[in-house]
Amino acid sequence: MGTALTRAARWTSAGSGLGKLEFTPLNESLLNNIIEFVENLNSRHPQEASYIFKQPLQWKTTLKRNNFGSDYTFDGATVKSKEIKNRVALLSFSISTEIIKVHTFAQLNKLLALAGNGKLKETRACLEGNRDPIVNILGPGFATVEEEDTAMLRLLEKVKTNTDDINTEIAMKLLILLNQLDLQLLNNSLKVMSKEVRLSPSAVKRDVELLKSFSGEDKKTVLISINYTSDYEFSNGCRAPPWRQVHGDICYLIIVPHDTEPLFVTCSTAGIFLNGKTKEIDYERKSEIFKDLVSFLTGKSAKFVENLAQAHQVKLVKYSKETLLTFLSNQLATSWSLYIPKAQIFALTKWIPGNLQTSWQATQLSMKNAYTSIGWSEELSETSSESDEEEEQIDRSHESNTDLPSEYWQMQKLVKYLKGGNQTATIIALCSMRDFNLTNETCQLAIRDVGGLEVLINLLDTDETKCKIGSLKILKEISQNPQIQRCMADLGGLQTMVKILDSPNKDLQCLAAETIANVAKFKRARQTVRRFDGIKRLVGLLDCVPMHSTNLTPEQNKTIEVARCGALALWSCSKSKRNKEAIRKAGGIPLLACLLKSRHENMLIPVVGTLQECASEASYREAIGAEQMIQYLVKNLSSENEELQMHCARAIFKCAVDKETRDTVRIKNGLEPLVKLFGKTDNKPLLAAATGAVWKCSISMENVKRFQELKAIETLVSLLIDQPEEVLVNVVGALGECAQVAINRSTIRNCRGMDPLINLLSGTNEALLVNVTRAVGACAVDPENMAIIETLDGVRLLWSLLKKPNPDIQASAAWAICPCIENAKEAGEMVRSFVGGLELIVNLLKSNNTEVLASVCAALAKIAMDEENLAVITDHGVVPMLSNLASTTNDKLCHHLADAIACCCTWGNNRIAFGEAGAVAPLVRYLKSKDPLVHRATAQALYHLSFNPDNCITMHENGVVKLLLGLMDSTDEALQEAAAGCISNIRRLALANEKARYK
C-alpha cells in the first residue's frame with residue numbers, strides 16, 4: 001500500500017520530501033480502492049481485521065466529539081473505544097489536538113462509517129499522516145523504499161525468520177492481503193496513466209529549441225528568452241537532478257515573455273506547470289498542468305499568442321533548405337496549428353519530395369495540424385529485406401536499477417575519471433575499463449547511464465591515436481548491446497567512425513569497421529552509413545593482396561585484416577536494398593569475388609554473408625554468375641565450419657532462381673555436399689539453408705535425376721516430421737519439384753510420406769501451405785497416391801484452403817485440386833459432397849489475381865466433366881463469369897479459360913449464353929498467340945461454340961476461318977481435329993444459308 005501510493009499517487013512537494021496528496025481523479029480512484037479494501041476486510045476476513053497494529057495509525061481528523069456514538073466513552077478530554085486490548089483502547093481521539101489513533105482495521109472500518117460522506121477526506125488525511133502505513137501495521141522491518149519494489153517473497157522470508165516480531169498465521173495472511181491491495185492500486189493507476197499523454201525529454205527539448213529560434217529582444221518575437229536552469233544534460237535527455245527525475249521531472253526553465261514577469265517552469269512527464277523558484281527552485285506545483293509549452297504560454301502571455309500567429313506567417317523563403325526542413329520537422333511532434341499563406345506554398349513545394357507534395361498541399365489547404373503526414377528522411381522510401389519493427393523491439397528488462405552489482409558503480413567511477421583527466425589519465429582510465437567484462441550488460445549500461453558514450457565518441461575526434469584506439473576497443477565491445485547501438489547512432493558516432501575509415505592507421509580502420517558492423521544492425525544506422533559515404537569507404541577496404549598469396553609480410557596481413565573488418569561492416573549494411581545498390585556501384589562485387597578465394601574462414605564468413613544478403617537482387621545474381629563465384633560457394637559447402645556452410649547454402653538458395661546457377665551447382669558437384677548437410681539435424685539454421693538450396697536446385701529436372709541417385713527424396717521424406725516450419729517449407733518445396741517425376745511419386749508413397757504431407761494441409765504457415773498444396777497436387781497424379789489422399793480426406797482439406805485470403809494459397813490449392821478430380825475414382829460424387837464447395841470455387845472467378853483465375857479455370861474444366869456438377873456451376877453463374885474474363889491477354893489464363901469454356905459448352909444453352917455474353921470474338925483472337933497450348937484449347941472451345949449458328953457468324957466475321965486453316969498443318973491431332981470440326985460447322989451453316997437462298 002505504501003509503494004503504490006508513493007509511486008502512483010500524485011503528491012504536492014514539501015521541501016525535498018512529499019507533502020499532501022493532490023485531489024486528482026487518479027488519487028480519488030486510489031482512495032476509493034483503499035476504502036473498499038478496509039470495508040471488505042472487516043466483512044470477509046474478521047480475524048485479520050482484528051489484528052492489532054505494531055504502532056497505531058494516527059492523523060489529524062476532521063471528526064468531532066458528537067460524531068462518536070454509544071460504542072465509545074468520553075472522559076472530558078478524550079474519546080475512546082469500548083474495545084480494549086492489553087489495557088489500550090483500540091481507538092482514541094484527543095479533542096484538544098484533534099489527533100486520532102487507530103489500532104485495528106476493524107476500528108478503522110467503524111471510523112469510516114462514522115465519517116459518512118467525509119470518508120474520502122478521512123482516508124486522505126490518514127495516508128498523509130502515515131506515509132508508510134505498513135510500518136505501523138507490521139513493524140519497521142517491513143518498511144518500503146521509494147526506489148525499490150516491495151518483494152513479496154522477501155517479506156514472507158522476514159515473517160518466517162523474525163518470529164519474535166510477527167509470529168502468527170494471521171499476520172502472514174494480512175501481509176498477503178496488503179500486498180494484493182498494493183498490486184491492485186498499482187495496476188489501476190497504470191491503466192489511468194497509460195491513457196494520459198506523457199511528455200518525453202526529446203519532446204520538451206524540441207519545443208524549447210523551436211521557441212528559442214523565434215525568441216529575442218525584438219518586439220515581434222514570440223518571447224524575449226527561454227533558457228534551462230542547468231546546462232548539464234543527462235544521457236536520458238533530462239536536466240533535472242536524479243533525485244527529482246524519479247518524480248517525473250525533466251528540466252526547469254526560465255521563460256521571459258514580453259508582457260509578464262519571468263516565469264519559472266517545471267517540465268515533467270505529467271506536463272508543464274509553474275514552480276515556486278526564487279533563488280532556489282521550490283518544486284511544489286503553483287499552477288495547473290498543461291500538455292506542452294505552447295499551451296502553457298498561450299494561457300500566460302497575450303503577446304506570445306499574437307506574435308506566434310505572425311511567426312507562422314513569416315516569409316519562409318528567406319531561409320535555406322536545411323533550416324526550413326529543420327523547422328518543419330520540428331513541427332511534426334508539436335501540437336501547433338501551423339498556417340502558411342498560399343503565396344508561400346510554391347516556395348516550399350519545390351523543396352518537398354515529389355511523393356509528399358500532395359499530402360503537403362492537402363494539409364495546408366485544410367489548415368489541419370501541420371505535417372502529421374509528412375516525414376523528411378529517406379526512410380519512407382527505404383525498401384529492403386529488413387523489418388521496420390526492429391526499430392522498436394528493444395528488450396527493456398534490464399532498465400531496473402534494483403540490486404545493481406558493484407561493477408556498475410566501479411565502471412561509472414572510471415567514466416568520471418575519463419571525463420576529467422588529462423591525456424595520461426584518459427589512457428589509464430580506458431585501459432582500466434577494458435579490464436572489465438565489456439560484454440556484460442551491467443558494464444555496458446553503466447557506461448551509458450553516466451554519459452560515458454558521449455565521452456568515448458568525443459575521444460574519436462581527438463588527435464591522439466592511442467585515445468582513439470582505446471575508445472574504439474571499448475565501443476566495439478559494448479556496441480553489441482541494442483540500446484547502446486541506438487545511443488551511438490543518436491550521438492553521431494557512426495559519422496565519426498566513417499571518417500576514421502580514411503585513416504592511414506590500419507588498427508583504427510579495423511576497429512572502426514568492426515564497430516560499424518555492430519551498430520548497423522538497424523535501419524536508421526545503415527542509412528546513416530550510406531548517407532555519409534560509408535559504403536564507398538568500406539568497399540575501398542576490401543582491396544588487398546591476392547588471397548592465394550603466400551609468405552605475406554606483417555603489413556600485408558594487416559591489410560587482409562582490414563579487408564575482413566570491412567566485409568563484416570558491409571555484411572551488416574547489406575540488409576538494406578539501397579545499400580546493396582551502393583555496394584555494387586562502388587565496385588564491391590569483383591572485390592568480394594576476389595576475397596571469396598581466400599583460404600581463411602574468418603574472411604569467408606562475412607564475404608559469403610554479404611553475398612547471400614545481396615543475392616536477393618537480380619543484378620547481384622547475374623554478377624555472381626559472371627564472376628564465377630558459384631564454384632567457390634560449392635567448394636565451401638564441404639568446409640568444417642557450419643556457419644560458413646550455412647551462408648554458402650543460403651547464397652545458393654537465392655542464386656538458384658536462375659537456371660544457369662542450378663546447372664553450375666550440378667556441374668561443379670555441389671548437389672552431393674548439399675544432400676550430406678541433411679545429416680546436420682541438430683543445426684536447424686544450417687538444415688534450413690541446405691534444404692532451401694536443394695529445393696531451388698530441384699526446379700531443374702537434371703538435378704532431380706541426380707537427387708534420385710543420391711537418395712535425397714527418401715531423406716527429405718524423413719524430414720517431414722518434428723522439424724521447424726522454416727525447414728518444412730523447404731523440404732515440402734523440394735518434394736513438390738521432385739514429384740513431377742513419376743518414380744519419385746512412388747518413392748514418396750513407399751517411404752510413407754503421404755500421411756505427413758496431408759497433415760501439413762491443416763497448418764497455418766502461408767509459405768508452407770503454398771508448397772504443400774503443390775506437393776500433394778504433384779503426388780495426386782499417381783492413382784495409388786490419390787487413393788491415400790482420398791482416404792485421409794486430403795481433397796476436402798485442399799478445398800478448404802480456397803477460403804484463405806492469400807491468393808498464392810488459393811491458386812496453389814486450385815492447381816492441386818485439378819489432378820485430384822482427374823484421378824479420383826468417383827470424382828463427381830466426391831466434389832458434390834463438399835457443401836458449398838462448387839459455389840466457393842466459382843466465386844473465385846471474381847479474383848483480381850491472374851494466377852488464381854488460371855488455376856480456378858483449370859479446376860472448373862475438370863469439374864465440368866461431370867454433368868451434374870456442370871449443371872450446378874451453371875446455376876451459380878459460371879458462364880457470365882468466364883465470359884467476363886475473355887478479354888485477357890495472359891497466355892496462361894487464355895489456355896485454361898478456353899479449356900473451361902469448351903467443357904462448359906456441353907450443358908443446356910451454355911453455347912448460346914457464351915455467345916450472348918460476348919465471349920466468342922475475344923476467343924478468336926487467342927488463335928494469334930504463339931503458345932501452342934492456347935491454340936489447342938481455343939480451337940476446342942470454338943469447335944463446341946460453333947454448334948450455335950449465331951456463334952458461327954461471329955467467328956466468321958472475326959476472321960476465324962483463315963486462322964484455323966493455318967493451324968490445320970499442326971502435328972497436334974487434337975488441334976487439327978478441333979480446327980477441322982469448327983470450320984466444318986461454319987461451312988455447313990454457310991451451305992444451309994446458300995440452299996435456303998436458292999429455294
With a sphere of 6.0 Å drawn around [atom1] of [X], does it hold more than 12 non-hydrogen atoms of other residues, nucleotides or ligands?
{"X": "Asn909", "atom1": "CG", "result": "no"}
{"X": "His956", "atom1": "NE2", "result": "no"}
{"X": "Ile743", "atom1": "CD1", "result": "no"}
{"X": "Glu709", "atom1": "CD", "result": "yes"}
{"X": "Lys684", "atom1": "NZ", "result": "yes"}
{"X": "Arg745", "atom1": "CZ", "result": "yes"}
{"X": "Glu660", "atom1": "CD", "result": "no"}

Identify which one of [options] satisfies the side-chain contact (heavy atoms from CB on, under 4.5 Å) criterion when paired with [X].
{"X": "Ile748", "options": "Asp782, Asn785, Leu720, Leu757", "value": "Leu757"}
{"X": "Leu760", "options": "Asp755, Leu768, Val729", "value": "Leu768"}
{"X": "Leu761", "options": "Ile789, Leu792, Leu798, Val795", "value": "Leu798"}

* Which distance, rounded to the nearest 0.5 Å, do you find between the CD of Glu977 and the CZ of Arg936? ->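 Reported to 0.5 Å precision, the distance equals 11.5 Å.
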* Arg706 and Asn703: side-chain donor and acceptor closer than 3.5 Å? -> no
Taking the side chain as everything from C-beta on, heavy atoms only, tell me whether [X] gets closer than 4.5 Å to [Y].
{"X": "Met865", "Y": "Cys903", "value": "yes"}
{"X": "Lys962", "Y": "Leu965", "value": "no"}
{"X": "Phe653", "Y": "Thr691", "value": "no"}
{"X": "Ile589", "Y": "Met629", "value": "yes"}

* Asked: Please, which pairs that meet side-chain hydrogen bond (donor to acceptor under 3.5 Å, both in side chains) have at least one residue in residues 802-824, sequence neighbours excluded?
  -> Glu766-Asn806, Thr773-Ser812, Trp815-Glu851, Glu822-Lys862
* side-chain hydrogen bond (donor to acceptor under 3.5 Å, both in side chains) contacts in which one or both residues fall within residues 619-637, not counting sequence neighbours ->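 Every pair satisfying side-chain hydrogen bond (donor to acceptor under 3.5 Å, both in side chains) with a residue in residues 619-637: Arg621-Asp658.
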* Please lay out, stage by stage, how Arg662 and Glu702 fare under the test side chain to side chain contact (heavy atoms under 4.5 Å, CB included). => CA-CA 9 Å; Arg662 297 196 293 269; Glu702 299 90 341; over 6 Å; no
* Thr954 side chain to Asp950 main-chain N or O, any donor-acceptor pair under 3.5 Å? ->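 A pair under 3.5 Å: yes.
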